[in-house]
Protein chains: 2
Amino acid sequence: MPIELTPSQALGLWHSVSLAQVRVDSRDLTLRQLAILLHIYLVPPPHTVRGLAATLGVTKPVITRALDTMGALGLVDRARDDRDRRNVVIKRTVEGALYLEKFGDLIIDQGRKQPK
Amino acid sequence: MPIELTPSQALGLWHSVSLAQVRVDSRDLTLRQLAILLHIYLVPPPHTVRGLAATLGVTKPVITRALDTMGALGLVDRARDDRDRRNVVIKRTVEGALYLEKFGDLIIDQGRKQPK
DNA sequence: GCGGATCGTTACGCAAGCGTTTCTTTTGCC
DNA sequence: GGCAAAAGAAACGCTTGCGTAACGATCCGC
């Protein structure tokens, strides 16, 4: 069941969600960081630095830094892969799940409030 | 007609749009910048620095800098208010409208592609 | 076990954003 | 006219993110 949106609905939704998020959250993740976070939580694991870099079309240090930042915020965690110790597997956290749950609620709320 | 979304649809939509936007656009606006841009184009003018700052709950320099950045990208323009020359009115540009139009299309496309 | 390949991190110099504070210009009131 | 108030920009020091390049650790075929 796809989501059918008019142009005005699409941008209106993005507008109110961005606005609400800016007002509510001091953390101010970048678009890249948010994309990474969502990818980690919505796509089945395992996730690696290399895989994320390829998925986003960015370099590996970008992923490392984003994981540093979001790790410090408690939104994600890292652990060495025991089967191939060169790899790092990215792990979800309770706090990260909570963060995205709240964010999802915000989207749903703002969606309901969209006129037209 | 509000937009009714399930949690999985809401986050899924945000995920695919963020991902597509990161891959497509090198400009990488911050969430704040995007919120400002959308506000300028979706809410009836006039827009002032002070008004935007109050709307977003941020300080005035944040708005000034965002306008600097997006002005350099051609997404917005500034002009003195002739009726009160202390004010600056923020003006839309063709390129900015185009940018948001493409962004809206991207949201609609990704919405259609959402499963479930 | 050795050498090349792979993975993630770190180092470097640089650009951009932040909050606070300080102008500069303009207004409006006395 | 004179002066406090208001709007926006600029200055300051700091933090964070960027891309490129170099680096250690680990794997794997031989």
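In what follows, chains carry the letters A, B, and so on, assigned in the order in which the sequence lines appear, proteins first and then strands, with residues in each chain numbered from 1. Just the heavy atoms: all of them, side chains too, but no hydrogens, waters or symmetry mates, feed the values below.
- Checked by atom type, the side-chain pair H47(B)/H39(B) shows no donor-acceptor distance below 3.5 Å.
- From T48(B), atom OG1 reaches atom CZ of R78(B) across 12.5 Å, with rounding to the nearest 0.5 Å.
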### Message
Apply side-chain contact (heavy atoms from CB on, under 4.5 Å) to residues R92(A) and I40(A) and explain how you reach the verdict.
### Response
CA-CA 7 Å; R92(A) 303 168 183 172; I40(A) 292 169; 4.0 Å; yes
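- Computed from coordinates, the Q33(B) CD to dG17(D) P distance equals 14 Å when rounded to whole Å.
- Shown here for R23(B) and L56(A), the closest heavy-atom pair between the two residues is CG-O, 3.5 Å.
- In terms of modelled atom types and a separation under 3.5 Å, the side chain of Y41(B) and the main chain of T93(B) share a donor-acceptor contact.
- Here the P atom of nucleotide dG17(C) and the CZ atom of R32(B) are 11 Å apart, to the nearest Å.
- The distance from atom CG of L31(B) to atom C1' of dC18(C) is 15 Å, rounded to the nearest whole Å.
- Taking all atoms of both residues into account, the shortest heavy-atom contact from A10(A) to G104(B) is CB-O, 4.1 Å.
- Within residues 55-79 of chain A, the residues having any heavy atom closer than 4.0 Å to DNA chain C are, in order of number, K60(A), P61(A), T64(A), R78(A).
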Distances for protein N/O vs nucleotides 23-30 of chain D N/O pairs under 3.5 angstrom?
from: dC27(D); atom 1: OP1; to: R85(A); atom 2: N; distance (Å): 2.9

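- Formation of a donor-acceptor pair under 3.5 Å by the E101(B) side chain with backbone atoms of L98(B) is not found in this model.
- In this structure, R50(B) places its CZ atom where only 12 or fewer heavy-atom neighbours from other residues, nucleotides or ligands lie under 6.0 Å away.
- Nearest heavy-atom pair across L34(B) and S18(A) is CD2-OG, 4.5 Å.
- Contacts with DNA chain D (heavy atom under 4.0 Å) in residues 37-47 of chain A: none are found.
- What separates CG of N87(B) from C1' of dT24(C) is a distance of 15 Å, to the nearest Å.
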### Query
Would K102(B) and D109(B) count as a salt bridge (charged side-chain N to carboxylate O under 4.0 Å, His left out) if you check the C-alpha gap in whole Å, the side-chain angles of each, and the deciding distance to 0.1 Å?
CA-CA 10 Å; K102(B) 277 193 219 162; D109(B) 279 357; over 6 Å; no
